[in-house]
Number of protein chains: 2
Amino acid sequence: MRRLNFSSKRLAIYNVICSTDCHPSARWVYDNLKDDRPDLSLGTVYRNISLFKEQGIVKYVATVDGEERIDGRTDPHAHFVCNRCGRIYDVEDNEPTAAETALIGDGFNVESKSVTYYGVCDKCK
Amino acid sequence: MRRLNFSSKRLAIYNVICSTDCHPSARWVYDNLKDDRPDLSLGTVYRNISLFKEQGIVKYVATVDGEERIDGRTDPHAHFVCNRCGRIYDVEDNEPTAAETALIGDGFNVESKSVTYYGVCDKCK
DNA sequence: ATTGTTGCAAAAATTTTGCATTATC
DNA sequence: GATAATGCAAAATTTTTGCAACAAT
């Protein structure tokens, strides 16, 4: 069986992603690891995030200010993106929708759903 | 009173966006106008799309293969993004969610909601 | 040894911007 | 003529990639 998180850098990248709730960008992950691991390159962070997404252990959340933001939490939930500060918050929401049923009836394979609210967060108000 | 769609190019860009249901990228809009208007630059398309988004007459839909995709239809509805071909479909869905009420109760200003389904469309199956 | 992983820098790709020119009123 | 809009090309940004070096088994 293929072992996941083979290398120590890969593991470190994954751990950073999972131990924050800020829904980081690749650059944020890089910056946060750079202190502990000066020998880390941004390309490696990108390569590993790509891999994690293929494996399904990291999910795309939103693109904010041109940067892709990701989430290490993979259970179904929604997000709130602040239009002022760019912070992304988790929002509990697992309501199945009638629209999904309709899509399936129309012959679409629905693999995932993304629900994102946009507005101004409590800190920025 | 300030007049919208001041210039003829601006109007043409807006019309192309509104008369397709493909949820185009800036490049697609540019390519589709280029035949009729050889004197059109991609920068102008980007500048006008930015303006339309500020005005609220065009909405961001999703980022597919690194390209931002937009919609000239601004009434509340959801989307389906095909992971194979990148096509984006409109999906009727205006169910208000309990999550939105919860957000407001928590002191967030919810300005908009984006619901996007991902999977494989009927044409690609 | 062989396969997987990384650093580095270059390249690719999308989007933004500065400035001179053109269009609109 | 004054203001707004555009073309063009350069610049800025994010993301990807090639390749040699390194790590792991």
Side-chain angles (χ1 to χ4, degrees), chain A residues 1-17 22-55 57-71 81 83 86 88, chain B residues 1-17 22-55 57-71 81 83 86 88:
Chain A
M1 170 185 163
R2 174 119 175 275
R3 198 169 129 200
L4 300 183
N5 296 324
F6 204 68
S7 78
S8 95
K9 270 176 195 160
R10 174 165 302 162
L11 186 57
I13 292 168
Y14 182 65
N15 283 341
V16 165
I17 294 169
C22 79
H23 307 84
S25 63
R27 158 98 27 208
W28 188 96
V29 172
Y30 173 75
D31 287 341
N32 261 67
L33 278 169
K34 197 63 179 168
D35 291 338
D36 281 345
R37 297 172 167 269
D39 60 329
L40 174 69
S41 76
L42 187 54
T44 295
V45 175
Y46 273 106
R47 266 188 287 235
N48 278 289
I49 288 176
S50 279
L51 181 70
F52 297 154
K53 287 195 287 187
E54 279 171 30
Q55 293 172 342
I57 60 175
V58 157
K59 297 222 181 285
Y60 165 83
V61 170
T63 302
V64 179
D65 294 330
E67 273 187 326
E68 178 167 314
R69 304 278 290 270
I70 56 170
D71 197 345
V81 176
N83 290 328
I88 301 180
Chain B
M1 169 186 163
R2 174 118 177 277
R3 199 169 129 199
L4 299 182
N5 295 323
F6 205 67
S7 78
S8 96
K9 269 174 195 161
R10 175 166 302 162
L11 186 57
I13 292 168
Y14 182 66
N15 283 341
V16 165
I17 293 169
C22 79
H23 308 84
S25 63
R27 158 102 21 213
W28 188 96
V29 171
Y30 172 75
D31 288 340
N32 262 67
L33 278 169
K34 199 59 179 168
D35 292 337
D36 281 344
R37 299 173 165 267
D39 61 329
L40 174 70
S41 77
L42 188 53
T44 294
V45 175
Y46 273 106
R47 266 188 286 235
N48 278 289
I49 288 175
S50 278
L51 181 70
F52 297 153
K53 286 195 288 187
E54 278 171 29
Q55 294 173 342
I57 60 175
V58 156
K59 297 222 181 287
Y60 165 83
V61 171
T63 302
V64 178
D65 294 331
E67 273 187 326
E68 178 167 313
R69 304 278 290 271
I70 56 171
D71 197 346
V81 176
N83 289 329
I88 300 180

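All figures in this text were calculated on a predicted structure; none of them were measured in a lab. Per chain, numbering begins at 1; letters A, B, ... match sequence-line order. Hydrogens, waters and symmetry mates are skipped; everything else that's a heavy atom, side chains included, is used.
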Would you kindly give the CG-to-C1' distance between A:Asp39 and C:dT5, to the nearest whole Å?
12 Å
Taking side-chain hydrogen bond (donor to acceptor under 3.5 Å, both in side chains) as the criterion, tell me which of A:Thr44, A:Asn48, A:Asn15 meets it with A:Arg10.
A:Asn48
Is a donor-acceptor contact shorter than 3.5 angstrom present between the side chain of A:Arg37 and the base of C:dG7?
no
Within this structure, what is the CG-to-P distance between A:Leu40 and C:dT6, rounded to whole angstrom?
9 Å
Quick check: does any side chain N or O of A:Lys53 sit under 3.5 Å from a backbone N or O of A:Ile70, one acting as donor and the other as acceptor?
no
Using whole Å, what does the distance between atom P of nucleotide D:dT16 and atom CD of A:Glu54 come to?
11 Å
Would you please confirm or rule out a distance under 4.0 Å between OP1 or OP2 of D:dT16 and any side-chain N or O of A:Tyr46?
no
Taking 4.0 Å as the cut-off, does a side-chain nitrogen or oxygen of A:Arg10 come that near to OP1 or OP2 on C:dG4?
no
Counting heavy atoms from C-beta on, name the nucleotide in C:dT6, C:dT17, C:dG7 closest to the side chain of B:Arg47.
C:dT17
Could you check how far CG of B:Asp65 sits from P of C:dT14, rounded to whole Å?
9 Å
Closest of C:dC8, D:dA5, C:dT15 to the A:Ser41 side chain is C:dC8
Under 4.0 angstrom between B:Lys9 side-chain N/O and C:dA23 OP1 or OP2
no
First of A:Arg27 and A:Thr44 reached from the 5' end of DNA chain D, by closest nucleotide
A:Arg27
Derivation and outcome, side-chain contact (heavy atoms from CB on, under 4.5 Å), residues B:Ile57 and B:Ile17:
CA-CA 10 Å; B:Ile57 60 175; B:Ile17 293 169; over 6 Å; no
To the nearest angstrom, the OH-C1' distance between B:Tyr30 and C:dT15 comes to 15 Å
Does atom CG of A:Asp65 have more than 12 heavy-atom neighbours, drawn from other residues, nucleotides or ligands, at distances under 6.0 Å?
no
Round to a whole Å and report the spacing from CZ of B:Phe52 to P of D:dA5.
10 Å
Side-chain donor/acceptor of A:Arg69 to backbone N/O of A:Gly86, under 3.5 Å
yes
If you only use heavy atoms from C-beta on, which nucleotide in D:dT14, C:dC8, D:dG7 is closest to the side chain of A:Glu67?
D:dT14
Would you indicate, yes or no, if C:dT6 has its OP1 or OP2 atom less than 4.0 angstrom from a side-chain nitrogen or oxygen of A:Ser7?
yes
Between P on D:dT15 and CH2 on A:Trp28, what's the gap in Å once rounded to a whole number?
16 Å
Just the rounded figure in Å: distance from P of C:dA23 to CG of B:Asn48.
16 Å
